[in-house]
Amino acid sequence: MPELPEVETIVRGLARKMTGLKFSGGTIRPGKLIEASPEAMLNTLRGKKILSIGRRGKHILFHLTGQWILVIHLGMTGKLQFLPHPNRQEKHTHAIFEFQDHPWELHFIDPRKFGRIRFLRVACKEHLEGHLRLGPEALEISSEAFIHRVRGKRKRIKALLLDQHFLAGLGNIYIDEILHAAGIHPLKIACTLSRKALLRLHGEMRRILQKAIQSKGTSVRNYRDETGSPGKFQKKLKVYSREGQPCRSCRSLILRKVIAGRSTFFCPRCQPERNPQLK
DNA sequence: CTGCATGTTAGGTT
DNA sequence: CAACCTAACATGCA
């Protein structure tokens with residue numbers, strides 16, 4: 001569920017409350033969500049201080065003393081909740097982290113278990129990048145670098161933007177919204193898009209991601225921030241999950257089609273498959 | 001019961 | 001090598 005704006009919202013919230021805290025212990029359920037054993041992870045964590053909390057793509061990064069990084073990916077249904085200690089665990093709580101001299105705890109909850117908690121010791125930024133293997137940040141890449149990166153890519157634009165190795169941070173919801181705002185059909189082959197179209201795509205990507213961060217993310221199903229609050233951007237969605245409803249720009253009915261294995265929503269009029277000036 | 005779900009990746013095919 | 005599709009992961013919801 002969480003894409004860049006949701007992860008960014010969580011990271012900002014956690015950074016405000018957790019920077020400087022020192023891990024004291026906790027409870028970790030063994031399972032696929034956790035690399036390494038719970039004991040090993042708790043032993044490594046104990047006594048480490050949180051220097052900063054950041055984000056790379058959809059990964060949450062807790063930078064700790066001793067060059068350790070706690071990397072959390074929320075998958076589809078993962079949640080992080082910062083709660084007063086002690087707090088009851090939910091049915092699908094997989095880890096609880098506790099802190100020295102601080103009466104709050106961090107819960108990691110994930111019903112579908114697509115999330116991951118990893119622990120990396122990295123000497124430098126390049127080392128971390130080698131582990132994550134992500135493309136440039138969607139909100140950091142320049143328009144020229146973006147256009148350059150699309151060159152030679154014969155993938156459908158929807159599939160290309162979903163690929164985290166190409167660009168990090170976008171997911172199914174925001175891609176549909178961005179393509180609609182840019183007037184680009186999701187099946188267009190990326191490298192056939194004009195320079196003008198790519199400039200517009202880059203601009204709409206920035207605009208929509210920033211607006212979504214301002215709205216604290218999109219809660220269409222079960223996304224919640226670290227306090228349990230939903231986002232507000234779902235009120236501003238123009239195409240996602242609106243199959244059969246009129247386009248808010250032109251009143252044409254929104255279509256749904258599976259592309260790259262994912263539900264894709266688009267307006268056939270605002271996002272023509274063929275170049276409009278050719279017809 | 002069926003179908004679907006905001007993510008990622010492995011494996012097979014074209 | 002590039003790109004496509006499907007399945008798999010595990011659970012909840014309409």
What contact category does A:Arg256 fall into here, base, sugar-phosphate, or nothing, at under 4.0 angstrom with non-hydrogen atoms? sugar-phosphate

Rounded interatomic separation in angstrom, taking CG from A:Asn222 and P from C:dG12: 11 Å

Short side-chain N/O contact to C:dT11 OP1/OP2 from A:Lys91, under 4.0 Å: no

If you measure from the ring centre of A:Phe114 to the centre of the six-membered ring in the base of C:dC9, is it under 5.5 Å, with the planes under 30° apart? yes

Indicate yes or no: does A:Lys58 engage A:Glu6 in a salt bridge with an N to O separation below 4.0 Å. no

Identify whether any heavy atom of A:Arg156 sits under 4.0 Å from a base atom; if not, whether one sits that close to sugar-phosphate; answer base, sugar-phosphate or nothing. sugar-phosphate

For a quick check of understanding: with a heavy-atom distance under 4.0 Å over all strands, which category does A:Arg154 fall into, base, sugar-phosphate or nothing? sugar-phosphate

Ignoring backbone atoms, test whether A:Gln164 places a side-chain nitrogen or oxygen under 4.0 Å from the OP1 or OP2 oxygen of B:dT8. yes

Would you say A:Glu105 and A:His107 are linked by a side-chain donor-acceptor pair, where the criterion is simply a distance under 3.5 Å? yes

Test of ring centre spacing under 6.0 Å for A:His180 and A:Phe266: no

Rounded distance in Å - NZ (A:Lys79) to C1' (C:dT11): 13 Å

Parallel, tilted or perpendicular, judged at 30° and 60°: which one describes the rings of A:Phe99 and A:His102? perpendicular

Whole-angstrom distance between B:dG3 and C:dT6, as gauged at atom P: 15 Å

So does A:Arg12 pair up with A:Glu8, basic N to acidic O under 4.0 Å? yes

A:Leu162 CG to B:dT8 P, in whole Å, measures 9 Å

To the nearest angstrom, the CG-C1' distance between A:Asp110 and C:dC9 comes to 11 Å

Atom-to-atom span, CD of A:Gln234 to C1' of B:dA5 - whole angstrom: 16 Å

Looking at every strand, decide which applies to A:Tyr240 at a 4.0 Å heavy-atom threshold: base, sugar-phosphate, or nothing. sugar-phosphate

What does the 5'-to-3' dot-bracket notation of DNA chain B look like when only Watson-Crick and G-U wobble pairs under 3.5 Å count, and pairs to other strands show as |? .||||.||||||||

Would you state whether a donor and an acceptor, one from the side chain of A:Arg112 and one from the base of B:dA5, lie under 3.5 Å apart? yes

If you find the nucleotide of DNA chain C closest to A:Gly261 and the one closest to A:Gly152, which residue's nucleotide is nearer the 5' end? A:Gly152

Atom NZ of A:Lys153 and atom C1' of C:dA2: how far apart are they, to the nearest Å? 10 Å

Side chains of A:Thr77 and A:Tyr223 only: does a donor on one sit below 3.5 Å from an acceptor on the other? no

Polar contact flag, side-chain donor to acceptor under 3.5 angstrom, A:Lys158-A:Asn172: yes

Span that lies between the P atom of B:dA5 and that of C:dC5, in whole angstrom: 16 Å

